[in-house]
Amino acid sequence: MPDSIPQTHSTPPPDPHEALGDAARRLRNLLRDMPGDHHLLPDTEPWVQVASCDGDVLTAPGTDAADPDAVAVVQAVLARAEIQAYVDQYECAIGPAVVITLRTAEDVNKLVHTVIATLPEPLRKARELTAVMREHGFYDPAAVYTRHHQVKGIQLTLDDARKVRAALGEDDAKLAVKSPADLYVAADDFAQFLNDRLTGNPVDVSAYPARGDLCDNCMDHLLVLGPLSVEQTEQLTSGLARTLLELP
């Protein structure tokens, strides 16, 4: 009797649709922690489209979406990274936008690596800060942005400010605010605290009462920090990251 032929089980080829979905999720996670207004457009299968609106363009920090040369700049960056993509510029509801359209998981993954590699230090530090702010459940991490090598737009509720105080070493962080006048006192006190704990230039803290100038629909009082230097941003991020490790 002849020997039986062993059964072989070939590995099915990877599903291009599934691979593209996985790559798109990686890109979406990166965009969540990026300062600025970058987002994946919905219902674009079988392509992945990412839009940069009203500010810096993805892959080209310092190039504004409204810049007439924005498309050419992004195309040059993508070409150097050997990414096949279509780049377009148009007006959206909140202002000019640059849209990058990709067709394969390989190109989406290359875009993720390209974005991370092209981030200047202030933007990388801002991204790290927004990531840890998001983990803490802060009010609006997406509002953080960089300008002139500084980190700006750090908006904190009073509860967020308590978390910052605790992260920077204050055991009993209390902010009693019963009126707008109290909020301005709290802002001055918070600024003094930050200047005692963060090295470098003095840190300004602006107070915005609920339903005030910053947001007429906001239900919370807000304290806005900044601008922070790269070093101050790193110190704040490190403190907040340490307290995350201590959470149950």
Side-chain angles (χ1 to χ4, degrees), residues 20-134 138-155 215 224 226-228 230 233:
L20 185 61
D22 291 341
R25 279 189 289 275
R26 282 189 286 274
L27 179 58
R28 182 181 291 109
N29 290 337
L30 172 64
L31 299 181
R32 286 180 59 217
D33 298 330
M34 287 280 295
D37 189 356
H38 313 285
H39 56 275
L40 293 186
L41 299 181
D43 304 323
T44 61
E45 295 181 2
W47 306 288
V48 171
Q49 290 186 307
V50 57
S52 300
C53 303
D54 192 30
D56 283 354
V57 176
L58 200 66
T59 75
T63 300
D64 194 276
D67 190 327
D69 296 326
V71 169
V73 171
V74 174
Q75 287 174 331
V77 173
L78 298 180
R80 286 196 297 271
E82 299 183 342
I83 298 172
Q84 296 186 19
Y86 179 75
V87 185
D88 196 10
Q89 188 176 36
Y90 71 96
E91 288 287 331
C92 64
I94 63 173
V98 171
V99 178
I100 301 172
T101 301
L102 307 112
R103 296 174 179 270
T104 69
E106 181 183 7
D107 286 323
V108 176
N109 285 325
K110 285 182 179 179
L111 179 64
V112 170
H113 293 301
T114 299
V115 170
I116 293 173
T118 56
L119 292 179
E121 187 178 29
L123 201 52
R124 282 193 290 107
K125 296 304 179 183
R127 178 175 175 258
E128 293 168 2
L129 176 61
T130 59
V132 77
M133 288 174 65
R134 200 179 305 279
F138 276 22
Y139 169 70
D140 190 8
V144 177
Y145 65 99
T146 62
R147 195 62 52 106
H148 304 305
H149 304 289
Q150 295 177 309
V151 179
K152 302 182 178 183
I154 303 171
Q155 301 180 16
C215 176
V224 179
L228 300 185
V230 169
T233 303

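Residue indices begin at 1 and follow the sequence shown. Side-chain atoms are counted along with the backbone in the values below, which use heavy atoms only and exclude waters and symmetry mates.
Residues Val108 and Ala23 share a closest heavy-atom pair of CG1-O, 3.5 Å.
Residues passing the side chain to side chain donor-acceptor pair (under 3.5 Å) test with Asp22, sequence neighbours excluded: Arg25. Looking at residues two or more places apart in sequence or on another chain, you find no side chain to side chain donor-acceptor pair (under 3.5 Å) involving Arg103. A search for side chain to side chain donor-acceptor pair (under 3.5 Å) contacts involving Thr104 returns Asp107, not counting sequence neighbours.
If you take OG1 on Thr146 and CG on Leu228, they are separated by 12.0 Å, rounding to the nearest 0.5 Å. With rounding to the nearest 0.5 Å, the separation of NE2 in His149 from NZ in Lys125 is 15.5 Å. Atom CG of Leu27 and atom CG of Leu40 lie 5.0 Å apart (nearest 0.5 Å). Rounded to the nearest 0.5 Å, atoms CG (Leu20) and CG (Asn109) are 9.0 Å apart.
Using a 4.5 Å cut-off on side-chain heavy atoms (C-beta onward), Arg127 and Leu30 make contact.
Annotation: Arg124, atom CZ; neighbour count of heavy atoms from other residues, nucleotides and ligands within 6.0 Å is above 12.
Residue pairs meeting the salt bridge (charged side-chain N to carboxylate O under 4.0 Å, His left out) criterion with at least one partner in residues 110-121, sequence neighbours excluded, are Glu106-Lys110.
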Return a table of donor-acceptor pairs under 3.5 angstrom between the side chains of residues 41-53 and protein atoms on other chains or two or more places apart.
from, atom 1, to, atom 2, distance (Å)
Thr44, OG1, Trp47, O, 3.0
Gln49, NE2, Thr101, OG1, 2.8
Ser52, OG, His38, ND1, 2.8
Ser52, OG, Leu58, N, 3.0

Donor-acceptor pairs are to be reported for all side-chain atoms of residues 59-84 against protein atoms at under 3.5 Å, with residues two or more places apart or in another chain.
from, atom 1, to, atom 2, distance (Å)
Asp64, OD1, Ala66, N, 2.8
Asp67, OD1, Asp69, N, 2.8

Quick one: do Met133 and Ile154 satisfy side chain to side chain contact (heavy atoms under 4.5 Å, CB included)? Show the steps, please. CA-CA 10 Å; Met133 288 174 65; Ile154 303 171; 4.2 Å; yes
